[in-house]
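Labels below follow one simple rule: chain letters A, B, ... track the order of the sequence lines, proteins then strands, and each chain is numbered from 1. These numbers were taken from a predicted model, which means no experiment stands behind them.
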Amino acid sequence: MFKKIIVSSVFCLSLMPGAALAHGGHAKDPHHLHQQIAETEVTLQYLSAKAYLGQLQQQKLKVPDGFDNKQPVLLVLLEGPQGQLDTRVKLKITDANGKTVGDAKGITPISVKHSRGTYYFTQQTLPKNKLLVMVQFMGAKGIQRAGFSLVP
Amino acid sequence: MTPANDPWNLSGVGAAEITDLSQRPLDWTTFDWMHHFSAHWHNRLVHFPVVLVCVMAALSLSFWHADRRYWPLFKLFWGACVLTLWLAVWTGQRQLDAFAEGSMATFAQWHQWGGFACAIALTLGYLGAVRWPIWSTRAYRCLCVCLWGSVLALMAMATLGGVLSSS
């Protein structure tokens with residue numbers, strides 16, 4: 001009995017470091033996408049206007065000028081080693097067949113500054129099928145691009 | 001500048017290029033290992049005291065009489081639990097800034113003070129257990145009840161922490 005308890009305890013404890021170290025913090029969900037480009041973590045989030053307003057209220061942030069509460073929101077956050085990046089950003093959205101959504105030359109999102117940095121948002125009525133979103137930004141090593149596959 | 005030369009004119013970007021970007025493997029040479037290694041240590045360390053207390057509480061149910069053979073094991077687990085709990089408190093203090101502003105500030109304070117209370121209670125319990133080893137069955141049963149109380153308290157703190165980390 002004593003040996004069994006010791007062995008099972010040691011087994012439980014041996015699982016702990018792996019399980020604990022694997023858990024860094026970010027929750028995974030299909031509308032909250034991340035990509036690491038060089039030193040910058042690019043986060044793309046697609047959410048309804050209602051959810052976005054709830055998020056702003058939770059973080060005590062102001063509703064940006066020109067916000068339309070009927071259209072869903074596409075948010076981009078760029079985080080480098082020094083915090084959130086304040087830089088030029090452009091988006092290109094296409095469907096799986098290559099048909100462009102929005103401006104063919106790219107969409108310039110609205111840059112929103114707040115106490116903790118800057119994020120970028122745009123409002124587009126997106127079709128319900130699979131979409132491809134490219135985020136182009138000015139990173140530490142010049143112009144950099146991140147690509148995401150998104151199902152609204 | 002012609003559209004072809006303007007890197008900010010994305011009219012030439014097609015679905016295939018974006019698909020390639022979305023499927024691009026991680027560039028390990030530029031991956032910021034130090035940043036990812038050093039970030040969010042509280043979220044990692046906090047699992048150790050939770051599991052150690054659960055293991056001790058589960059062990060305490062395996063036998064319902066004080067048995068001196070288990071005592072060194074208990075002291076080892078309890079010591080490791082206290083050590084990792086204080087490390088979790090220290091690293092948690094360093095992560096509090098992220099919640100200094102916003103609606104989760106009060107929530108973060110409950111988590112902070114609850115964590116402190118758990119750490120102090122378990123440390124006092126450990127010091128007491130080291131100073132006065134428990135041999136009587138009655139005292140041992142009190143210890144078991146306290147351990148299960150600690151499991152519930154740490155689970156409550158873990159719930160608050162889970163809400164904070166996903167906010």
S.K.: Tell me whether V82(B) is reachable from L152(B) by hopping between hydrophobic residues (I, L, V, M, F, W, Y) whose side-chain heavy atoms are closer than 4.5 Å.
M.R.: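 Shared cluster, no.
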S.K.: Checking Q136(A) against chain B: side chain, backbone, both or neither under 4.5 Å from a heavy atom?
M.R.: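 Interface part for Q136(A): both.
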S.K.: Answer with side chain, backbone, both or neither: which region of I143(A) has an atom nearer than 4.5 Å to a non-hydrogen atom of chain B?
M.R.: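 Contact with chain B is through the side chain of I143(A) alone.
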S.K.: I need the F148(A) CZ to L21(B) CG distance, nearest 0.5 Å.
M.R.: 9.5 Å
S.K.: Which pair of non-hydrogen atoms, one from G98(A) and one from A15(B), has the smallest distance, and what is that distance?
M.R.: CA-CB, 3.7 Å
S.K.: Honestly curious: do L96(B) and V46(B) fall in one hydrophobic cluster under the side-chain, below-4.5 Å linking rule?
M.R.: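 Result: no, two separate clusters.
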S.K.: Could you look at L61(A) and say if it's the side chain, the backbone, both or neither that has a heavy atom under 4.5 Å from chain B?
M.R.: neither
S.K.: Is there a donor-acceptor pair under 3.5 Å between the side chain of K90(A) and the backbone N or O of W8(B)?
M.R.: yes
S.K.: May I ask whether V133(A) and V76(A) are part of the same hydrophobic cluster, defined by side-chain heavy atoms of I, L, V, M, F, W, Y residues being less than 4.5 angstrom apart, directly or through others?
M.R.: yes
S.K.: Could you state whether L91(A) and L33(A) fall into the same hydrophobic cluster, counting links through intermediate Ile, Leu, Val, Met, Phe, Trp or Tyr residues with side-chain heavy atoms under 4.5 angstrom apart?
M.R.: yes
S.K.: How many angstroms lie between OG in S22(B) and CG in L150(A), if you round to the nearest 0.5 Å?
M.R.: 11.0 Å
S.K.: Kindly determine whether D6(B) and K105(A) satisfy side chain to side chain contact (heavy atoms under 4.5 Å, CB included), including the steps that lead there.
M.R.: CA-CA 10 Å; D6(B) 179 7; K105(A) 291 178 184 172; over 6 Å; no
S.K.: With a 4.0 Å cut-off, would you call R145(A) and E17(B) a salt bridge?
M.R.: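 So R145(A) pairs with E17(B) through a salt bridge.
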S.K.: So which heavy atom on L10(B) is nearest to which on K92(A), and how close?
M.R.: O-NZ, 3.1 Å
S.K.: With a 4.5 angstrom heavy-atom cut-off, is it the side chain or the backbone of D95(A) that approaches chain B, or both, or neither?
M.R.: backbone
S.K.: Using non-hydrogen atoms only, which part of V89(A) is less than 4.5 Å away from chain B: side chain, backbone, both, or neither?
M.R.: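 For V89(A), the backbone is the part near chain B, not the side chain.
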S.K.: Starting from I18(B), can I reach Y46(A) by hopping between I/L/V/M/F/W/Y residues whose side chains sit under 4.5 Å apart?
M.R.: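 As far as the 4.5 Å side-chain criterion goes, I18(B) and Y46(A) are not connected within one cluster.
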S.K.: Are there over 12 heavy-atom neighbours, none belonging to D68(A), within less than 6.0 Å of that residue's CG?
M.R.: yes
S.K.: Does a sphere of radius 6.0 Å around CZ in R94(B) hold more than 12 heavy atoms from other residues, nucleotides or ligands, not counting ones at 6.0 Å or beyond?
M.R.: no
